[in-house]
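Presented below is the structure to which this report refers.
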Amino acid sequence: MHLDVQDLRNFYYRSALGRAAQSSLQARVGEIWPEAKGQTVVGFGFAAPLLRPYLKDARRVIALMPGPQGVMPWPTGKPNVSVLSEETLWPLETGHVDKLLLLHALETSERASDLLEECWRVLGPGGRALFIVPNRAGLWARRDRTPFGYGRPYSPGQLETQLRKHQFLPERHAGALYQVPSSKRWWMKSAPAFEKIGRRVPTMMAGGAFMVEATKLVYPPKGKIAPTRIRRASAVLEPTAKPV
C-alpha cells in the first residue's frame, strides 16, 4: 500500500523529524554517489528529497511517482521534472538510465517482482541502482508516524536475495537513520551524535533504514543452440591403381 503524496510531502518538508531524516539519507546517498555529471538520474517512489543535489550537473533528472501514491510538482521554483506513472510501466526507454534511486517504493509495492523487472529494463550498461528500504530490526519500522513504518520492512539478507533473483548484483551496503524517530526536543538535539556514531557500526546493525547499491547483470541467452555444420574441402580423388 503506497502512502499518499501529501503525507510524504508534509513529513519531509514540513516536520522537523522529516527534515532530519532527509538530511541523513541525503548525506549517505552523497557518499555513495558523489556526482552524476552528464548522466541520467531517475528516482521512483518518493525519491525527490534525495535528487536535488544532482539537478545542477546531471544531464537529466526524473522523479517518477506511482499512480496509487500521487504526484506533486517538483522542484519548487524550477522546471518540473516529476512524472506520474504506472508502477510497473515507466515512460522510459530501455537501457537509458545511469543512476536509479528507489525510496518508499519497494516495501510498499504489491508487485515487487514486476517492479524490479522494470528497474532492470530501464537501467543501462554500467548503470547502478540504489534501493533504500526500512530496516526490519530498526526503530523506524515500528513507528507508523513516519513513512518507514508502512509496508514490508526488510533485512539486508532478504533484500539482497530478492535482488539476485532479478539479475542484480549487490555491490555496496550502507545504513542510515540512526537517530531516534521522535520529535521531542532532547532526541532532536542528540540526532547528529547518533548519526555520527551509527556510521561507524557494521551495516548489519543498520539504523532505521539501509541502502543496497546494485548493478545490472546481463546473462547470455538461455536454451539449446543448434550446432553449425562446418564444411571441409574434399580431398582430391586419385586413381587407386595404374592402368594395365
Side-chain angles (χ1 to χ4, degrees), residues 2 25-26 28-69 71 74-75 78-133 154 156 158-174 210-226:
H2 289 279
L25 294 171
Q26 198 173 92
R28 296 299 273 171
V29 173
E31 293 175 4
I32 299 174
W33 292 345
E35 57 85 24
K37 188 175 182 180
Q39 298 181 351
T40 298
V41 183
V42 175
F44 180 75
F46 195 76
L50 309 183
L51 297 178
R52 182 173 288 276
Y54 305 113
L55 289 172
K56 182 179 180 181
D57 297 327
R59 182 176 69 88
R60 191 179 184 187
V61 176
I62 304 173
L64 297 176
M65 301 188 184
Q69 170 190 290
V71 67
W74 185 86
K78 294 184 178 181
N80 179 65
V81 301
S82 63
V83 180
L84 184 68
S85 71
E86 293 288 341
E87 185 177 10
T88 59
L89 188 62
W90 299 351
L92 299 175
E93 294 179 319
T94 299
H96 278 64
V97 176
D98 299 299
K99 285 183 169 60
L100 177 62
L101 176 62
L102 275 77
L103 176 64
H104 302 306
L106 193 61
E107 72 274 13
T108 57
S109 174
E110 297 180 358
R111 303 170 60 186
S113 294
D114 295 337
L115 177 58
L116 288 174
E117 289 182 3
E118 190 69 358
C119 294
W120 189 91
R121 181 187 70 82
V122 302
L123 204 62
R128 294 182 175 271
L130 187 61
F131 301 89
I132 305 176
V133 295
Y154 286 84
Q158 289 173 335
L159 179 58
E160 187 171 317
T161 300
Q162 192 168 7
L163 293 178
R164 290 183 184 275
K165 287 182 179 179
H166 291 83
Q167 299 186 13
F168 283 101
L169 178 63
E171 298 279 1
R172 195 185 319 184
H173 302 76
F210 64 89
M211 310 174 182
V212 176
E213 183 191 27
T215 54
K216 176 179 179 178
L217 291 176
V218 180
Y219 295 112
K222 298 180 181 180
K224 296 182 179 180
I225 300 177

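We use all heavy atoms of the structure for the numbers below, so side chains are in, but hydrogens, waters and symmetry mates are not. The chain is numbered in sequence order, starting from 1. Source: prediction; values computed, not measured.
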Separation of I62 CD1 from L51 CG (nearest 0.5 Å): 10.5 Å
Sidechain-backbone polar pair: D98 side chain, G127 backbone, donor-acceptor under 3.5 Å: no
Residues forming a side-chain contact (heavy atoms from CB on, under 4.5 Å) with D57, sequence neighbours excluded: K37
CZ on F168 to SG on C119, rounded to 0.5 Å: 5.5 Å
Exam field: side chain K216 to backbone W120, donor-acceptor pair closer than 3.5 Å: yes
Residue pairs fulfilling salt bridge (Lys or Arg N to Asp or Glu O under 4.0 Å) with at least one residue in residues 100-125, sequence neighbours excluded: R111-D114, E118-R121
Heavy-atom pair with the smallest gap, counting every atom of I32 and A174: CD1-CB, 4.0 Å
Interatomic distance, Q26 atom CD to L50 atom CG [nearest 0.5 angstrom]: 6.5 Å
Spacing of L101 atom CG and F131 atom CZ [to the nearest 0.5 Å]: 10.0 Å
Which residues share a side-chain contact (heavy atoms from CB on, under 4.5 Å) with P68, sequence neighbours left out: H2, P66
Residues in side chain to side chain donor-acceptor pair (under 3.5 Å) contact with Y154, at least two apart in sequence or another chain: Q162
Nearest non-hydrogen partners of G45 and M65, listed with the distance: O-CG, 3.6 Å
Which residues share a side-chain contact (heavy atoms from CB on, under 4.5 Å) with L169, sequence neighbours left out: R164, E171, T215, L217
Atom CD of E86 with >12 non-hydrogen neighbours under 6.0 angstrom: no
Any residue meeting salt bridge (charged side-chain N to carboxylate O under 4.0 Å, His left out) with E213, in chain and number order, not counting sequence neighbours: R128, R172
Contacts of F44 that satisfy ring-ring contact (aromatic ring centres under 6.0 Å, His included) - sequence neighbours left out: W90
Close side-chain approach of L92 and V42, heavy atoms under 4.5 Å: yes
Rounded distance (nearest 0.5 Å) linking atom CG of L25 with atom CG of L130: 10.0 Å
Gap between atom OG1 of T108 and atom CD of Q69 - 0.5 Å precision: 7.5 Å
Qualifying residues under side chain to side chain donor-acceptor pair (under 3.5 Å), relative to R59, sequence neighbours excluded: T40
Side-chain touch L116/L106, heavy atoms, less than 4.5 angstrom: yes
side-chain contact (heavy atoms from CB on, under 4.5 Å) partners for V212, two or more places apart: L159, L163, P170, H173, F210
Minimum heavy-atom distance between P75 and P79, given as atom pair plus value: CD-O, 3.5 Å
Side chain to side chain donor-acceptor pair (under 3.5 Å) partners for S85, two or more places apart: none
Test side chain to side chain donor-acceptor pair (under 3.5 Å) applied to E93 - qualifying residues, sequence neighbours left out: H96
